[in-house]
**Q** 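The structure follows.
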Amino acid sequence: MTGETKFEKLLEPYHIGKVQTRNRMVKTAAGMFYQKDEYVSDVQKGFFEALAKGGVGLLCVDSPTIDYPQSLMFPIQFRIDDDKYIKGFSELTGVIHKHGCPAFLQLYHCGAWMKKETYGLPPVSASNISISSDVYGPTSEHASKDVPRPLTITEIEDLVDKFASATVRAQKAGFDGVEINAGSNHLLAAFLSPLWNKRQDAYGGSLENRARFLLAIIQEIRKRVGRDFPICALINGVEVGGGGRGMSLAEGQELARMLEAAGVDAIHIRFYWYGYDISVLTPEIVFYPEPHIPLKDFPKEPDWSHKGAGANMSVAAEIKKAVSIPVIAGGRMDPELGEEALRQGRVDLVGFCRRLMADPELPNKVISGKMDDIVPCLGCLQCMSGVFTPVRCRVNAAMGREYEYTFKEAAKKKKVLVAGGGPAGMEAARVAALRGHEVSLYDKETELGGLMNTVGQLRGVEFEDQPTLIDYFSRQITKLGVKINLGKEVTPSLVAEIKPDVVILATGGVPALPDIPGIKGSNVVAGPDRYYSPGDYLKLLGKRVVIIGGAIQGCELAEVLVRQGKQVTIVNTAAEMGEGMAREIRARLLWWLTQKGVAMMPGVRYEAITDKGLTITTGAGKRQTIEADTVVISLPLAANKDLLAKLEGNVPEVYAIGDGAEPGLMMDAINDGARIAHAI
Ligand SMILES: Cc1cc2nc3c(=O)[nH]c(=O)nc-3n(C[C@H](O)[C@H](O)[C@H](O)COP(=O)(O)O)c2cc1C
Ligand code: SF4
């Protein structure tokens with residue numbers, strides 16, 4: 001079946017007001033921290049141009065500040081509160097429109113998220129409830145702890161003007177529409193929600209009162225930009241959890257009707273779940289490693305049939321019943337789920353964010369039926385882990401470097417030998433081959449993937465399907481004509497025989513062994529690596545296991561061992577557990593490990609390993625022995641430059657990349673592979 005027939009609905013052009021979308025895929029907004037200062041940056045232009053070129057139907061640019069400095073959620077944020085910023089936005093819409101893609105600009109006010117330390121001002125909100133308070137429930141660790149000041153009526157009226165003025169600037173800059181973000185838990189959502197809004201004036205109490213601020217903004221925008229400039233409103237269709245004190249679905253429907261009557265052209269729906277330390281934007285992670293509560297007790301409004309993917313669809317479908325304007329919803333959607341939701345009439349447009357970050361060409365690949373060429377987004381949430389630092393994608397090294405990594409033909413075609421078929425080596429081979437080099441790849445193992453294989457086999461594929469990434473790389477490098485030689489180790493004599501112009505060493509790191517008396521004991525086992533089958537590895541371990549190392553390696557191994565029924569303790573010299581893990585994933589895994597009775601001991605000193613177990617000195621200075629049958633060393637790998645030393649001076653160019661050069665995360669390895677292959 002071709003892309004056109006299988007994804008008939010998804011690929012159909014649509015419209016929001018008078019704006020035509022190329023298809024029904026919408027790139028939803030994402031704060032990327034790509035600006036260096038208050039102006040639109042070239043990095044932003046590169047990022048959005050790649051998306052526009054990739055064929056998405058409509059894209060939404062993330063939110064500049066409309067109210068400086070009161071709405072500064074991050075220390076460095078681009079701005080649209082003055083006409084001097086219009087030029088930068090015009091350049092941005094120019095590069096997007098060049099590829100025939102319409103663009104909306106998302107506008108929001110961060111409200112209670114602002115930190116006093118950022119600009120010396122307390123945050124503002126509907127009422128004096130902190131984003132980190134018990135009312136809200138546990139939230140992201142970088143949320144403001146400050147108690148906000150309720151806005152005065154004059155300030156509300158002033159903000160109505162600021163939203164409308166920002167929209168006029170967006171229109172002047174060539175945007176095709178705006179999305180007013182009144183969802184999640186920012187300022188406008190705080191007014192809409194009965195849980196946040198405790199006001200006694202005309203802006204609190206009934207839904208009519210709580211919606212007054214948002215509706216005034218919509219009406220003022222409409223007055224200033226005319227009937228034909230589309231306005232989309234992003235709202236929480238329902239707020240679940242919070243003891244039933246949030247906005248109900250019936251209120252969500254009523255709000256949608258009010259917005260339509262006020263002149264809104266489309267509604268973007270998400271649900272909001274109070275009281276859980278989950279990212280409300282990515283509901284699938286509530287299933288990792290296990291849900292907090294039994295599935296039968298989950299709120300009924302979201303659709304949990306795909307483990308969080310498409311959870312917003314059922315809520316959107318209910319909102320759609322209340323209005324006649326287009327309804328958008330996303331959330332871990334893929335083309336198949338999107339097509340299904342459209343055919344079922346649950347939504348009119350489907351939101352995609354992370355899958356387009358992993359592969360901005362996804363829409364074009366769907367159109368041409370090249371589904372196998374889509375770079376898989378692993379759902380790993382590394383992209384949500386930085387705190388106000390440029391967002392990077394684990395699998396797409398070019399994201400945020402689009403103008404730098406142009407994949408241009410190499411000036412001189414070289415014979416490139418890549419040693420190692422892990423993520424760094426495969427990405428290096430892929431990019432080098434794309435640039436026209438003659439590439440061969442060797443790995444001493446009989447399959448590609450390196451450590452990803454072990455991780456995939458041990459952890460399974462339900463969360464972070466790493467084997468799909470191996471398959472993707474394998475297909476791509478095969479198609480590109482890379483000569484793959486498995487079961488063959490690269491040695492100086494092999495290199496002398498092949499005579500490459502460039503050798504890229506991506507052979508991985510070596511296990512790091514801490515200097516502890518007893519480390520060579522028979523009860524000590526290294527962390528799982530590619531040389532074990534998972535079954536064989538698990539057989540090496542007794543019932544009671546102490547894991548030395550509480551970074552990502554140790555914590556993820558603990559998850560596997562708990563699932564295997566082991567009794568686990570994790571010890572770590574660092575003060576924090578879970579270093580290297582994506583923020584949300586780390587929070588959930590550490591919570592789960594605690595629930596499962598895993599003792600986690602950060603800040604310890606290792607003293608000795610004996611046949612009784614591991615002796616440590618705790619952070620409080622207490623010496624104690626943790627009894628265990630097996631002590632597992634699960635520390636970050638160490639660099640391995642042996643082969644590099646042997647080859648240097650004997651080949652024209654030789655580079656070590658990935659863990660072998662500097663141990664890091666999979667994202668670092670892929671980045672390193674791309675970096676070197678773009679440089680040769
Ligand atoms: C790095 C990142 C930043 C985001 N920032 C915003 C934002 O500023 N405004 C917004 O409405 N949604 C934001 N989102 C949420 C996305 O638009 C989307 O709703 C969410 O990622 C779920 O969709 P997906 O599974 O297709 O990624 C962000 C998502 C990511 C990954
Ligand atoms: S970082 Fe992970 S979750 Fe985010 S877009 Fe990339 S692969 Fe997907």
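Just follow the structure's listing: the first ligand is 1, and inside any ligand the first atom is 1.
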**Q** Considering only heavy atoms from C-beta outward, does the side chain of F7 approach that of M371 to under 4.5 Å?
**A** yes
**Q** Within the structure provided, determine whether M313 and L337 are in side-chain contact (heavy-atom separation under 4.5 Å).
**A** no
**Q** Quick one: does S63 get an N or O within less than 3.5 Å of an N or O on ligand 1?
**A** no
**Q** Measure the distances from the heavy atoms of R355 to every atom of ligand 1 and state whether one is below 4.0 angstrom.
**A** no
**Q** Among protein heavy atoms, which sits nearest to atom 29 (C) of ligand 1, and what does the distance come to when rounded to 0.1 Å?
**A** M384 CE, 3.4 Å
**Q** Out of E179, Q106, Q77, which residue meets the side-chain hydrogen bond (donor to acceptor under 3.5 Å, both in side chains) rule with S63?
**A** Q106
**Q** Which ligand 1 atoms, with their elements, are less than 4.0 angstrom from a heavy-atom of L234?
**A** 11 (O)
**Q** Heavy-atom contacts with G331 under 4.0 Å: which atoms of ligand 1 show up? List them by number with element.
**A** 22 (C), 23 (O), 25 (O)
**Q** What residue and atom, counting heavy atoms only, is the protein's closest point to atom 17 (O) of ligand 1, and at what distance?
**A** A29 O, 2.6 Å
**Q** Before signing off on this row, confirm whether R332 and ligand 1 have an N or O atom pair separated by under 3.5 Å.
**A** yes
**Q** Within the structure, does R354 bring an N/O atom to less than 3.5 angstrom of an N/O atom in ligand 1?
**A** yes
**Q** Is there a nitrogen or oxygen of R270 sitting under 3.5 Å from a nitrogen or oxygen of ligand 1?
**A** yes
**Q** Got a sec: does the CD of E12 have more than 12 other heavy atoms crowding it under 6.0 Å?
**A** yes
**Q** Using distance alone, with no hydrogens and no angle criterion, decide if R79 and Y85 have a side-chain donor and acceptor under 3.5 Å apart.
**A** yes
**Q** Closest non-hydrogen protein atom to atom 4 (C) of ligand 1, residue and atom name please, with distance?
**A** A30 CA, 3.3 Å
**Q** Of all the non-hydrogen atoms in the protein, which one sits nearest to atom 22 (C) of ligand 1, and at what distance?
**A** L281 O, 3.2 Å
**Q** For ligand 1, which is the ligand I care about here, please tell me if Q106 has any N or O atom under 3.5 Å from one of the ligand's N or O atoms.
**A** yes
**Q** Salt bridge or not between R430 and E427? Use side-chain N to carboxylate O under 4.0 Å.
**A** yes
**Q** Identify the protein heavy atom lying closest to atom 18 (C) of ligand 1, giving its residue, its atom name and the separation to 0.1 Å.
**A** T28 OG1, 3.6 Å
**Q** When rounded to the nearest 0.5 angstrom, what distance separates CE in M25 from OH in Y14?
**A** 15.5 Å
**Q** For atom 1 (C) of ligand 1, grab the closest protein heavy atom and report residue, atom and distance to one decimal in Å.
**A** C383 O, 3.4 Å
**Q** Answer yes or no for G330: is there a heavy-atom contact with ligand 1 below 4.0 Å?
**A** no
**Q** Any donor-acceptor pair under 3.5 Å linking the side-chain atoms of E559 with those of W592?
**A** no
**Q** Check whether the side chains of Q70 and D67 place a donor and an acceptor atom closer than 3.5 Å, and report yes or no.
**A** no
**Q** So do Y405 and V431 actually touch side chain to side chain, heavy atoms under 4.5 Å?
**A** no
**Q** Relative to the ring of Y34, is the ring of F47 parallel (under 30°), tilted (30 to 60°) or perpendicular (over 60°)?
**A** perpendicular
**Q** Parallel under 30°, tilted from 30 to 60°, perpendicular over 60°: which one fits the rings of F271 and W273?
**A** tilted
**Q** Take a 6.0 Å sphere around NZ of K365 and say whether it holds more than 12 heavy atoms from other residues, nucleotides or ligands.
**A** yes
**Q** Near atom 2 (Fe) of ligand 2, meaning under 2.8 Å, how many protein N/O/S atoms are there?
**A** 1
**Q** Could you tell me the residue and atom name of the protein heavy atom closest to atom 21 (O) of ligand 1, and the distance to it rounded to 0.1 Å?
**A** C353 CB, 3.7 Å
**Q** Nearest protein heavy atom to atom 8 (O) of ligand 1, by residue and atom, and its distance?
**A** G31 N, 3.3 Å
**Q** What are the atoms of ligand 1, with element, lying closer than 4.0 Å to any heavy atom of F352?
**A** 26 (O)
**Q** Looking at F298 versus F287, is the centre-to-centre ring distance below 6.0 Å?
**A** yes
**Q** Taking R24 for the side chain and D348 for the main chain, is one N or O donor matched with an acceptor at less than 3.5 Å?
**A** yes
